[in-house]
Amino acid sequence: MDKIIVLDFGSQYSHLICRRIREFSVYAELVPYNISYDELQKHNPKGVIFSGGPSSVYSSDAPMPDDKIFEMNLPLLGICYGHQLIVNKYGGRVKRANKEYGSSLLTIDNDRDLLSEVGESVRAWMSHGDEAEEIPHEFQIIGHTESAKAAAIASEEKSIYGIQFHPEVVHTEQGAEILKNFVLKVCKAKQDWTMEGFIETAVEKISKIQGNVLCGVSGGIDSTVAALLIHKAIGDRLKCVFVNNGLLRLNEEREIEEMFKENFKVNFTPINAAEKFLGKLKKVKDPEQKRKIVGEEFIHVFTEFAEENGPFKWLAQGTLYPDVIESGVSKGPAAVIKSHHNVGGLPDWLNLQVLEPLRELYKDEVRKIAKLLNVPEKLFMRHPFPGPGLAVRIIGEVTQAKLEIAKVASKIVEDELLEANLYDKVWQAYAAVGDDKAVGVVGDERRYGNIVMIRVVDSIDAMTADWTRLPHELLEKISNRITNEIEDVTWVTYTISSKPPATIEPQ
Ligand code: XMP
């Protein structure tokens, strides 16, 4: 399979570069910027891309690639910081400029290869402090903006290109076309990365493993697709277990059970452990403590199942590519702000090896596979749901009354978004509830009821998020339905904090 390798210099968009390339069926992989020349060669890439990054090429701790990579005689594209690295390496000059953030008009000066068929000018997304002041003499300017005279440069002879803007973000018009030009016209990579091909290879690989596989399924798309791929390869040697922790969405347990038993025919055991979980959560108010309890209880239930139904040799997980690769450049504290809970931490004596059939894939690719494996659309379009479930959407102690409110109110939010054709357009949408009460008037009577918080956000990867500007009429309808249909609720609020500084979940 032909491959493009992207060196990650720490830009928030690095993964997007790979995703965009894979969208036109060429396999792209992200590697840390400091990969050695020898390691890079093992990938046998058709071309290399340097991502953007927050550094300045002149700072003492600027991340630098292995110098030998420049001698590989392979097509090379530098984006933003990567562009500046190329300018610097070949003898040009980079200077501190006024920070430019947002969209600029890029005028195309040379419409051969990289910028071919994109038109005379396009809006291009800029996000940089430094810029190229003087370009190396083997290079020519192929595009400029009003403030950056060397916004795109090329050495066609060397097949090296640098662009100051970000072609990978949707705000750059024809951005995908520019990446496509590099990958298909310059690198001449074959478009041989398809999900049909992936399924075939994955099934073939998995069918070679010995022993039984244990897979915890949550009803989410990742664990479902992982289970189905494995099932395709080894049939009933895969045993799936689904733990109902009492913190699920309305009717979720029944829907998941039906899907696995009736649609997929996999070996599936549902365990109703709601009482155990809710018992352990009694009187617990601290958010981290709640997460810890859910995580630990999950491991208890899971271990018990493994003991009674084993022996198992493998533990399957739906880990995706963005969870696997780290840039080598510090990503800051975001990743550890909350103790995310997955099926980690199982006891060593179970002796399980980890099987992660999706570890090369992005979410949209998993969705494509789900479609090919006949997973009902309802499931793979469903929003992400946190492992500790409603425990993180209920502020304070988890009580039956608050669970009921969160479940029914969230269902109303989801249904109304579906009805308005907005469900698929937002990242997540739910209702949270705490202990605060507000006064309402029912009939002639003043009554204190719960306050429900609606949270609807847009995001591309959950690292950052913005609140969705829902139409007021829709918010009004949601609010009316919640206060009419849930007796204990008097107020409905809409959460308008973005991430950062807020997070998507309230706890
Ligand atoms: P935050 O609240 O950190 O959430 O902005 C980012 C994304 O992660 C989900 N989330 C979790 N997912 N286990 C999970 O599997 C967890 O403990 C967890 N906490 C948050 C959240 O729903 C959002 O999509």
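Note that ligands are numbered from 1 as they come in the structure, with each ligand's atoms numbered from 1 the same way.
Proximity to Gly387 (heavy-atom distance under 4.0 Å) selects the following atoms of ligand 1: 12 (N), 13 (N), 14 (C), 15 (O), 16 (C). Counting atoms of ligand 1 from 1 in the listed order, those under 4.0 Å from a heavy atom of Lys499 are 1 (P), 3 (O), 5 (O), 6 (C). Contact atoms of ligand 1 toward Trp427: 24 (O) (distance under 4.0 Å to a heavy atom of the residue). Those atoms of ligand 1 with a heavy atom of Pro388 less than 4.0 angstrom away are 13 (N), 16 (C), 17 (O).
Taking the ring centroids of His15 and Tyr362, they lie under the 6.0 Å cut-off. Aromatic ring centres of Trp193 and Phe24 lie farther apart than the 6.0 Å criterion allows. Taking the centre of each ring, Tyr423 and His383 come in below the 6.0 Å mark.
Both tests hold for Arg469 against Trp467: distance to the six-membered ring centre under 6.0 Å, angle to the ring axis within 45°.
Defined by atom type and a distance below 3.5 Å, a donor-acceptor pair is present between the side-chain atoms of Ser223 and Ser218.
Within the structure, ligand 1 lacks His383 among the residues with a heavy atom less than 4.0 angstrom away.
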